Amino acid sequence: MTELPDRVVGDARTSDFGWNLLTDLTDVGNRMAGSTGERRGAERVVGAFEAAGLRNAGLDEFEIPGWWRGESSLSVSGAVERRHENSHEVIALPGTPSGEVSAPLVDVGDGTDEEFAAAEDQLDGAVAMASSRTPESRDRWIHRMEKYVAAAERGAVGFVFRNHIEGALPATGEIGYHNRPGPIPAVGVSKEVGDRLIRLAETAESGDPPTVSLDVDCRNEPTTSVNAVAELGPDTEEAVYLTAHVDAHDVSDGANDNGAGSALVAEVGRLLATVEGDLDTRVRLVTFGSEEIGLWGAYHAAETTPREEIACVVNLDGACSSQNLRVGTNGFDGMRETFEAVADAFDAPLATGETISPHGDQWAFVQEGIPAVMASTTSDQSGRGWGHTHADTLDKLDSRDLREVATLVAAAVYRFATGEIGATHRSRESIRDAIDEGYVEELKTGGRWPYDE
């Protein structure tokens, strides 16, 4: 095994380079896809690439179907009359259409298949509400997109996504339709608002559910986004890709999701530049734009790069909530084994998952059979925690965690770039056939299924 030199490990464990970049990204403010802030964030990453001595640093622009947030409200009528319109109570979900609907509320719990099936007869013409939680009994995360699609498919006229994390934090996030906008208005509400709605539904007289009125104002308009790119190592045709996304939802600073990922890409690039002569394979660094509204930056990179030029992809997303690394391998065992070897070498905790996930920038490559993993960190909070809320701020993170993750990722990418990738490309058909049924349905309904029938 090719070990990362001790001097590089020492550098990683004492560096402020990544943390300073993360701080700057959170200070940019709104980095929503297609916004001025997103471009400013990408430009700051390019500056970090240049400061690290990387070559060909710059921006790569592409078109996206932009989404722009307006005001939203949720009103309840029945035994209790209440209107929620403050940003700490209710916000629109990107990709939703504008519109007003008023209908009975039907709570489908955590939004599992079983819960949707049990409420099937009630959902037609109703407003469906689902929690952001995934039950611990499930072997894969149930994404909000899947819940939205399930509600729309069963005839719901509106969708409410209630956060399961307390703190007056309505969760946002894209609702998953490639051909925007989605079919029904969708909002996120805080746990506290969601709990009230559940209580009102449970105590309604004569079993009649409360009526919920949604009023959503937004714009779905084309615009442009950018990827920040750079390279290091020998000028080989094939490259190891290290990626993250620089955009963030406009309701927060996007510290862990995903300013930290962008900071880690630049920091790992800086560390590897100090041992550039050791590398046998070129390393390409990319921080994607527009991940949060449909992985547009990743798709742009995948579609404009010949498949054979991408050896493998290590994608970082939400990787600074702790020092406990998790790698979603998408079934690429050779890449999993490399991360396991690194974890053993550093006596570091590591969790892995094999499920092929269409959520995260790595999916644009995985769907083509290119070896790609997503590295994140796990913490005590279930689900995404502070992510996609107002609370995803710098104070939730720790520079020591960033340094530890940078060390582990640098060690893994160093191995991949010195002839130890250990993962081969797969056919598109083999990937297609291995995708979980729930994800298949979600992708097909949302217009994201990439395979011909």
Side-chain angles (χ1 to χ4, degrees), residues 1-4 140 229 231-244 265 268-269 272 278-286 288 295 298-317 319 325-345 350-376 408-436 439-440 443 449-452:
M1 287 289 184
T2 306
E3 301 286 357
L4 190 68
R140 68 171 179 86
V229 301
E231 295 180 331
L232 69 135
D235 190 19
T236 55
E237 182 175 291
E238 189 178 53
V240 173
Y241 274 54
L242 178 62
T243 69
V265 167
V268 171
L272 294 180
D278 294 350
L279 306 183
D280 300 315
T281 304
R282 176 169 54 98
V283 177
R284 184 164 176 81
L285 312 175
V286 191
F288 301 119
L295 317 183
Y299 277 121
H300 172 71
E303 291 167 359
T304 56
T305 306
R307 185 175 184 267
E308 63 273 13
E309 292 184 11
I310 306 174
C312 66
V313 179
V314 176
N315 183 53
L316 301 165
D317 201 339
L325 195 64
R326 182 189 185 280
V327 176
T329 68
N330 297 290
F332 292 101
D333 294 339
M335 296 189 74
R336 171 180 52 78
E337 290 166 1
T338 294
F339 275 96
E340 288 175 340
V342 167
D344 287 343
L350 175 70
T352 60
E354 302 299 315
T355 301
I356 294 176
S357 173
H359 301 295
D361 285 316
Q362 76 289 336
W363 169 243
F365 304 91
V366 171
Q367 71 177 44
E368 301 302 320
I370 298 169
V373 301
M374 183 167 90
S376 59
L408 299 175
V409 173
V413 175
Y414 184 77
R415 294 187 184 212
F416 291 138
T418 51
E420 298 184 19
I421 294 173
T424 58
H425 286 226
R426 293 170 56 180
S427 69
R428 296 179 86 248
E429 291 74 20
S430 72
I431 297 294
R432 178 199 63 197
D433 295 343
I435 300 172
D436 182 274
Y439 284 147
V440 171
L443 289 165
W449 184 245
Y451 307 105
D452 295 330

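Given the structure is predicted, the values throughout are model-derived calculations rather than measurements.
At a threshold of 4.5 Å between non-hydrogen side-chain atoms, the residues R336 and V373 do not count as touching. In this structure, the side chains of L350 and E340 come closer than 4.5 Å at one or more pairs of heavy atoms. Residues V314 and F339 meet the side-chain proximity criterion, which asks for heavy atoms closer than 4.5 Å. The closest side-chain heavy-atom distance from I431 to Y451 is below 4.5 Å. Residues W449 and Y439 form no side-chain contact, since every pair of their non-hydrogen atoms from C-beta on lies 4.5 Å or further apart. By the 4.5 Å heavy-atom criterion applied to side chains, R432 and Q367 are not counted as neighbours. Within the 4.5 Å cutoff, the side chain of C312 has heavy atoms near those of the M335 side chain. Side-chain contact between V409 and L242 is present, with at least one heavy-atom pair separated by less than 4.5 Å.
Between G233 and L279, the closest heavy-atom pair is CA-CD1, 4.1 Å. Contact between T281 and A239 at its shortest, heavy atoms only, is CG2-CA, 4.0 Å. Contact record, L325 with S376: CD1-O, 3.4 Å, taken as the closest heavy-atom pair. Taking every heavy atom of both residues into account, A375 and A319 meet most closely at O-CB, 3.9 Å. The minimum heavy-atom distance linking P450 with W363 is given by the pair CG-CZ2, 4.0 Å. Taking all atoms of both residues into account, the shortest heavy-atom contact from R415 to T2 is CG-O, 3.3 Å.
Interatomic distance, D333 CG to T338 OG1, rounded to the nearest 0.5 Å: 11.0 Å. One finds the NE2 atom of H300 at 14.5 Å from the CG atom of L295 (value rounded to the nearest 0.5 Å). Between the CD atom in E308 and the CD atom in E237 there is a gap of 6.5 Å [rounded to 0.5 Å].
The main-chain N or O of E368 is found under 3.5 Å from a side-chain atom of R307 such that the two form a donor-acceptor pair. A donor-acceptor contact shorter than 3.5 Å links the side chain of T329 to the backbone of G353. No donor-acceptor pair under 3.5 Å is formed between the side chain of T355 and the backbone N or O of S357.
With respect to V229, the side chain to side chain contact (heavy atoms under 4.5 Å, CB included) criterion is satisfied by exactly one of T243, V286, L285: V286. Across T418, V313, V413, I310, a single residue satisfies side chain to side chain contact (heavy atoms under 4.5 Å, CB included) together with V240, and that is V413.
Judged by the 6.0 Å and 45° rule, R426 forms a cation-pi pair with F332.
In this pair, F365 and Y241 present their aromatic rings tilted. The plane angle is within the 30 to 60° band.
Salt-bridge annotation for R282 and E238: absent, with no side-chain N of the basic residue lying under 4.0 Å from a carboxylate O of the acidic one.
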Quick one, D278 with Y414, criterion side-chain contact (heavy atoms from CB on, under 4.5 Å). Give me CA distance, side-chain angles, the key distance, then yes/no.
CA-CA 9 Å; D278 294 350; Y414 184 77; 2.7 Å; yes
